[in-house]
Amino acid sequence: MESKMRIAVCDDEQAIADLVGQLLVEAGFAPTVFYAAPDLLACQADDPFDLVILDIMMPGMDGFACCRELRRTSSVPIIFLTAKDEEVDKVVGFELGADDYVVKPFKPRELVARVRARLRRATSNDVASEDGPGMLECCGIALDESAYTATLHGEALSLTPKEFAILACLMRDQGRPVASRDLFESVWGEIANAQSNNTVMVHIRHLRKKLAAVDSSQEFVETVWGVGYKLG
């Protein structure tokens, strides 16, 4: 799988971008290195990548803006690789649709492991869609896992892959609480860690906003304190 995976690396610090590119080559991937976000976006539009590694602090168009543009048309896995280590930056990154957040200085083996994990998760999502697991309905929400569509009261919801997967997990349990840890391990395909609850919370917050934009009369995703979340 990995020899066929095309990965974009974008960082205005050329030494870091080239280093990441070399690490990916050694790991069996096919990286393309960019030093400016607009160049990455232009290439992605013509020939989409399988995963994007993105710095935040870049002149002209920063990583947040680039991520926002990518998410307008693509569900490609995005990993932020940045020196910005404040919690607020991580929250913004995840709310914009990033799949992972790695802080510099990074450990090469860990970065490669995260890349592999994101690609595995993306591949498993594709297989699930091809198998056509069917329709889920609850609380006025209809979710078609085979067609990768979701609606509320018949109005289409524009969800990121993580938001879609979280909603599907909650709908499968039909109103029963789902632990935050279980959501993380199911959606992210990784063992839960100290940051898992916050990661899930950020995506739940974004999901709630999209549901409320269609119907603000009720809270569809309820917090069950000390446990996790459920559909109301």
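Bear in mind that the values here come from a model prediction, so they are computed numbers and not experimental data. Excluded from the calculations below are hydrogen atoms, water molecules and symmetry mates; all remaining heavy atoms, backbone and side chain alike, are included.
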Contacts table for residues 216-224: side-chain donor-acceptor under 3.5 angstrom, sequence neighbours left out:
from	atom 1	to	atom 2	distance (Å)
Ser217	OG	Asp215	OD1	2.5
Ser217	OG	Asp215	OD2	3.4
Thr223	OG1	Arg208	NH2	2.7

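Under the 4.5 Å side-chain heavy-atom criterion for Ile, Leu, Val, Met, Phe, Trp and Tyr, Val227 and Ile204 are members of distinct hydrophobic clusters. Ile78 and Ile7 are assigned to two separate hydrophobic clusters, defined by single-linkage of ILVMFWY side chains at heavy-atom distances under 4.5 Å. Val92 and Ile79 are members of different hydrophobic clusters when ILVMFWY side chains are connected at heavy-atom separations under 4.5 Å. Linking Ile, Leu, Val, Met, Phe, Trp and Tyr whenever their side-chain heavy atoms come within less than 4.5 Å leaves Val76 and Met5 in two separate clusters. Note on Val200: it does not cluster hydrophobically with Leu96, by side-chain heavy-atom contacts below 4.5 Å among ILVMFWY residues.
Closest approach of Lys210 to Ser158, counting heavy atoms only: NZ-O, 2.8 Å. When every heavy atom of Gly21 is checked against every heavy atom of Pro31, the shortest pair comes out as O-CG, 3.3 Å. Residues Ala27 and Arg116 share a closest heavy-atom pair of O-NH2, 3.4 Å.
Side-chain contact between Leu111 and Val20 is present, with heavy atoms from C-beta onward closer than 4.5 Å. In this structure, the side chains of Ser75 and Thr160 stay at 4.5 Å or more apart for every pair of heavy atoms. Between Phe64 and Met58 the shortest side-chain heavy-atom distance does not fall below 4.5 Å. Using a 4.5 Å heavy-atom cutoff, the side chains of Trp188 and Leu183 are not in contact. Residues Leu81 and Leu54 form no side-chain contact, since every pair of their non-hydrogen atoms from C-beta on lies 4.5 Å or further apart. Within the 4.5 Å cutoff, the side chain of Arg114 has heavy atoms near those of the Val102 side chain. Side-chain contact between His206 and Leu159: absent, with no pair of heavy atoms (C-beta onward) separated by less than 4.5 Å. At least one side-chain heavy atom of Arg205 sits less than 4.5 Å from a side-chain heavy atom of Glu95.
For Tyr229, there are no ring pair (Phe, Tyr, Trp, His ring centres under 6.0 Å) partners, not counting sequence neighbours. Contacts of Glu26 classified as salt bridge (Lys or Arg N to Asp or Glu O under 4.0 Å), with partners at least two apart in sequence or in another chain: none. With sequence neighbours left out, Phe164 forms a ring pair (Phe, Tyr, Trp, His ring centres under 6.0 Å) with Tyr148.
With respect to the salt-bridge test (charged N to carboxylate O, under 4.0 angstrom), the residues Arg72 and Glu69 qualify. Using a 4.0 Å cut-off between a side-chain N of Lys or Arg and a carboxylate O of Asp or Glu, Lys104 and Asp55 qualify as a salt bridge. Using a 4.0 Å cut-off between charged side-chain N and carboxylate O, Arg71 and Asp99 make a salt bridge. A salt bridge does not link Asp50 with Arg6: every distance from a Lys NZ or Arg NE/NH1/NH2 to an Asp or Glu carboxylate oxygen is 4.0 Å or more. Salt-bridge check for Lys90 with Glu86: failed, with every basic side-chain N at 4.0 Å or more from each acidic carboxylate O.
Put simply, CG on Asp18 and CD on Glu13 are 11.5 Å apart, with the number rounded to the nearest 0.5 Å. Rounding to the nearest 0.5 Å places CG of Leu167 at 10.0 Å from CZ of Arg172. Separating the CG atom in Asp11 from the CG atom in Leu40 is a distance of 12.0 Å, to the nearest 0.5 Å. Atom-to-atom distance recorded for Leu157:CG and Leu207:CG is 8.0 Å, nearest 0.5 angstrom. Taking CG of Leu211 as the reference point, atom CG of Leu152 lies at 6.0 Å (rounded to 0.5 Å). Taking CZ of Phe184 as the reference point, atom CD1 of Ile191 lies at 9.5 Å (rounded to 0.5 Å).
No side-chain donor from either of Thr149 and Asp144 sits under 3.5 Å from a side-chain acceptor of the other.
Evaluation of the salt bridge (charged side-chain N to carboxylate O under 4.0 Å, His left out) test over residues 151-160, restricted to residues two or more places apart or in two chains, returns none. Pairs passing the ring pair (Phe, Tyr, Trp, His ring centres under 6.0 Å) check and including a residue from residues 34-56, sequence neighbours excluded, read Phe34-Phe49.
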Query raised in the report: Under the side-chain contact (heavy atoms from CB on, under 4.5 Å) criterion, do Val178 and Lys230 qualify, and how do the steps go?
Result: CA-CA 6 Å; Val178 181; Lys230 71 172 185 176; over 6 Å; no

Query raised in the report: Going through the checks in order, is the side-chain contact (heavy atoms from CB on, under 4.5 Å) test met by Ile141 and Thr151?
Result: CA-CA 6 Å; Ile141 303 169; Thr151 61; over 6 Å; no

Report task. Decide yes or no on side-chain contact (heavy atoms from CB on, under 4.5 Å) for Met201 and Ser180, but give the supporting numbers first. Result -> CA-CA 8 Å; Met201 179 185 67; Ser180 181; over 6 Å; no

**Report entry** Candidate pair Cys10 and Val52, rule side-chain contact (heavy atoms from CB on, under 4.5 Å), full reasoning
**Finding:** CA-CA 8 Å; Cys10 188; Val52 173; 5.7 Å; no

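In this structure, the side chain of Thr199 engages the main chain of Gln195 through a donor-acceptor pair within 3.5 Å. Formation of a donor-acceptor pair under 3.5 Å by the Lys84 side chain with backbone atoms of Met57 is not found in this model. No donor-acceptor pair under 3.5 Å is formed between the side chain of Glu137 and the backbone N or O of Ala142.
Using the six-membered ring where Trp is involved, Phe94 and His203 have ring planes that are tilted, between 30° and 60° apart.
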